[in-house]
Amino acid sequence: MGKVRPLPPELVSKIAAGEVIERPASVVKELMENSLDAGAGRIRVELIAGGKRSVRVIDDGEGMAPEDAELAIRRHATSKISSEEDLQRIVTLGFRGEALAAMASVSRLSLVSRAEGCPAVRIYVEGGELKECAEVGAPRGTQVEVRDLFFNLPARRKFLKGSSIELGHCLEAVVRMALAYPQVAFSALHEGRRLMELPPVKEERDRVAAVLGRELHPHLTEVEGSEGGYSIRGWITLPPYARGNTRGIYLYVNDRYVRDKLLQRVLGEVYGGLLPRGTYPVAVLKLYLPPEEVDVNIHPTKMEVKFKDPQRVYELLRGALERALAPKTWSVSKAPAPSPPELREASIPYASTMPVAPRVEEPRFRPLGQIGGTYILVEGEGGLLIVDQHAAHERVLYERLCTEEVHSQRLLLPQVVELSEGEIEALLEGREVLGRCGFEIETFGPRTLAVKAIPTLIRAHEVKQVLQALAGELEEATEDGLERARKLLACRGAIKANTPLGEEDMRRLLCELEATSHPRTCPHGRPTIIEITFEELAKRFKRE
Ligand code: ADP
Ligand code: MG
């Protein structure tokens, strides 16, 4: 007798179940998907022991006729597609006809459902075996309970984590759905305790704030774009708002939550330099494209998708995000400006680092003054703006350094600086980067460098200090040495705190700041401007 034998069907189902159902959160996800496909307006998720003991999902969707319900728990039974062509254009969340069967084979599953004009039915399946099928009384809609997940697969059950961790995953599954379907009400209960209650909302933004944090509301900005049948919509937070992890990032393709490297990359690119390293925005982005342009059938849990034209997706995303992040206005005063002040010679050290800016004929800014020798107060359209002069100037210098037309200053006599061997090595290796920043250096002796030209941002007496700092940056950096060097030079060259400024200096700095591409953050991602709105003032003075 040969060795190869077909597996018994129960074993096949158990193996298949492993692909779709990993933990209670997978149950939550699959059941909610079914509810949404059934047109539910209200979905309630009830959990016990983080879902390990029980996951129950109740919906008010279209329900199932008794004969459909009986079929639904079989493998490869679905109402959603019927032909290969359908598979090319999936418009429902489910389509594999596997989830109910998979869950039923590894748990104690009960299903109660009633469709319009039909009697309600109750089905009970234990470890894949149909135990009961009976008529009962029930409201329209469906409720499915999955108890004791993996009770018949002890090895899998052992891999489940503690209740609180599994609960966290279950709630995250609800969050992902709730963000995609703001018009649907969601609630989640754990052992009778209400953990989430999300009424339906018209404005997507309200759902984002309700789910991810009310404090986000004022920081959210809309993302929008479309291009020949593809479109993108969503919300992102503007710098300086940031989180220490990527957990606030949600991408959807045709309302299906997906994990996608492309999105991560585009976000990194557009936020690069706007947020401090290791911090991330909150972003809820929904991409819509014709169903035949995306393959959702490449992953058992449908978490990954394949785009027919990734380049097009990339460009659409990138364009939309860039537009959303581009400063619209930073709402400086439009009030009639006071008569131009007397022309005064700038008396501050940093003036020399700024090429003579054209005098502003009709000043748009009205600096009210400076406080603490550090912050400039400005009257804005929407309230009071407080500008950090160092951060603001850093942004200006940084962008100037990025324009490639570096302002370099040749020294009359080369300056000889003594440095460690390591520093010299790093600097010589990064000579190209330094050149692009306005430095010209040459080896001079074993532990000395000759500096022939320096960027105008740098004062001659600090050359050594700056080179040492640059050596440190270059040593650490593998690829973005130039970027780091620019940030460092911008910081070194920028006007320091505790430097009194005249009115003309302030005005010029503000003008230059506004002309930058991202006036609201310094190159390290710190804010340059803080705004206190009139509403906030009114509230604090209790005028309302
Ligand atoms: P799929 O969702 O891929 O079709 P499932 O095993 O999840 O496969 O569900 C099988 C079928 O059962 C669905 O196609 C649908 O017709 C029916 N069904 C499942 N859950 C519900 C529900 N909550 N409301 C109405 N019908 C449902
Ligand atoms: Mg399904």
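No experiment lies behind these values; they were computed from the predicted model shown. All residue numbers in this chain count up from 1 along the given sequence.
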Task: Gap between atom CG of Asp59 and atom CG of Asn34 - 0.5 Å precision - done: 8.5 Å

Task: Sidechain-backbone polar pair: Asn254 side chain, Leu289 backbone, donor-acceptor under 3.5 Å - done: yes

TODO: Answer yes or no: is there a donor N or O on one side and an acceptor on the other, between the side chain of Thr528 and the main chain of Pro519, under 3.5 Å?
DONE: yes

TODO: Without swapping roles, check the side chain of Arg207 against the backbone of Lys202 for a donor-acceptor pair under 3.5 Å.
DONE: no

TODO: Please step through side chain to side chain contact (heavy atoms under 4.5 Å, CB included) for the pair Ile43 and Leu31, ending with a clear verdict.
DONE: CA-CA 10 Å; Ile43 297 177; Leu31 293 180; over 6 Å; no

TODO: Name all residues meeting the salt bridge (Lys or Arg N to Asp or Glu O under 4.0 Å) criterion together with Arg395; count only those two or more places apart in sequence or in a different chain, and write none if there are none.
DONE: Glu399

Task: Minimum heavy-atom distance Met32-Ala173, with the two atoms named - done: CE-O, 3.4 Å

TODO: Determine whether Leu275 and Tyr280 make a side-chain contact, defined as any pair of heavy atoms from C-beta on separated by less than 4.5 Å.
DONE: no

Task: Under-4.0 Å salt bridge between Asp148 and Arg53 - done: yes

Open item on the list: Looking at Glu222 and Ala324, would you say the former's side chain and the latter's main chain have a donor-acceptor pair under 3.5 Å?
Closed with: no

Task: Close side-chain approach of Cys491 and His524, heavy atoms under 4.5 Å - done: yes

Task: Under 3.5 Å: donor-acceptor pair, side chain of Arg526, backbone of Thr521 - done: no

Open item on the list: Between Ser26 and Glu22 (side chain of the first, backbone of the second, donor and acceptor by atom type, cut-off under 3.5 Å), is there such a pair?
Closed with: yes

- [ ] Output yes when Glu204 and Arg233 qualify as a salt bridge under the 4.0 Å nitrogen-oxygen rule, no when they do not.
- [x] yes

Open item on the list: To the nearest 0.5 Å, what is the distance between CG on Leu251 and CG on Leu262?
Closed with: 8.5 Å

- [ ] Would you check, one step at a time, whether the test side chain to side chain contact (heavy atoms under 4.5 Å, CB included) holds for Val175 with Tyr250?
- [x] CA-CA 10 Å; Val175 162; Tyr250 294 83; 3.6 Å; yes

Open item on the list: Give me the atom names and distance for the closest heavy-atom approach of Arg243 to Gly248.
Closed with: NH1-CA, 4.1 Å

Task: Which atom of Ala209 lies closest to which atom of His217, heavy atoms considered - done: CB-CD2, 3.3 Å

Task: Considering all heavy atoms, the nearest Ala185-Pro200 contact - done: CB-CD, 3.6 Å

- [ ] Indicate yes or no: does Arg312 engage Glu227 in a salt bridge with an N to O separation below 4.0 Å.
- [x] no

Open item on the list: Less than 3.5 Å apart, any donor N or O on the side chain of Ser231 or Ser226 sitting next to an acceptor on the other?
Closed with: no

TODO: Decide yes or no on side chain to side chain contact (heavy atoms under 4.5 Å, CB included) for Tyr398 and Lys487, but give the supporting numbers first.
DONE: CA-CA 6 Å; Tyr398 171 75; Lys487 286 180 185 171; 3.8 Å; yes

Task: Residue pair Ser105 / Asn152, side-chain heavy-atom distance below 4.5 Å - done: no

Open item on the list: Return the CG to CZ distance between Leu198 and Arg42, rounded to the nearest 0.5 Å.
Closed with: 10.5 Å

Task: Atom OH of Tyr181 with >12 non-hydrogen neighbours under 6.0 angstrom - done: yes

Open item on the list: Can you confirm whether Gln264 sits close enough to Thr246 that some side-chain heavy atom of one is under 4.5 Å from a side-chain heavy atom of the other?
Closed with: yes

TODO: Decide yes or no on side chain to side chain contact (heavy atoms under 4.5 Å, CB included) for Ser110 and Arg122, but give the supporting numbers first.
DONE: CA-CA 7 Å; Ser110 66; Arg122 180 185 134 89; 3.8 Å; yes

Open item on the list: As an exercise, state the distance from CD of Glu304 to NZ of Lys261, rounded to the nearest 0.5 Å.
Closed with: 7.0 Å

Open item on the list: For Gln183, is the CD atom crowded, meaning more than 12 foreign heavy atoms sit under 6.0 Å from it?
Closed with: yes

TODO: Name all residues meeting the salt bridge (Lys or Arg N to Asp or Glu O under 4.0 Å) criterion together with Glu172; count only those two or more places apart in sequence or in a different chain, and write none if there are none.
DONE: Arg176

- [ ] Over all heavy atoms of both residues, which pair between Phe534 and Gly380 is shortest? Give the atoms and the distance, please.
- [x] CE1-O, 4.2 Å

Task: Heavy-atom check, side chain of Trp235 versus side chain of Val282, under 4.5 Å - done: no

Task: Approximate separation, where rounding is to 0.5 Å, of Lys539 NZ and Ile532 CD1 - done: 13.5 Å

Open item on the list: Under a 3.5 Å distance rule, please check whether Arg256 uses its side chain to pair with a backbone N or O of Leu93 as donor and acceptor.
Closed with: yes

TODO: Would you mind reporting whether Leu195 and Leu167 have side-chain heavy atoms less than 4.5 Å apart?
DONE: yes

TODO: Please name the pair of heavy atoms, one in Val112 and one in Ala138, separated by the smallest distance, quoted to 0.1 Å.
DONE: CG1-CB, 3.6 Å

Task: More than 12 heavy atoms from other groups under 6.0 Å of CZ on Arg157 - done: yes

Open item on the list: For a 4.5 angstrom cut-off between non-hydrogen side-chain atoms, does Leu179 reach Tyr257?
Closed with: no

TODO: Pick out which of Ile232, Leu285, Leu316 makes a side chain to side chain contact (heavy atoms under 4.5 Å, CB included) with Leu321.
DONE: Leu285

Task: Expected output: side-chain Arg147 to main-chain Ser107 donor-acceptor under 3.5 Å - done: no

Task: Inter-residue atom distance Met177.CE - Ser35.OG, 0.5 Å rounding - done: 9.0 Å

Task: Geometric cation-pi criterion Lys131 and Tyr124, 6.0 Å radius, 45° cone - done: no

Task: Minimum side-chain heavy-atom gap Val211-Phe186 below 4.5 Å - done: no

TODO: Indicate yes or no for a side-chain donor-acceptor contact from Thr237 to the backbone of His219 under 3.5 Å, with no hydrogens or angles considered.
DONE: no

- [ ] Look at the side chain of Lys52 and the backbone N and O of Lys161, then say whether any donor-acceptor pair between them is shorter than 3.5 Å.
- [x] yes

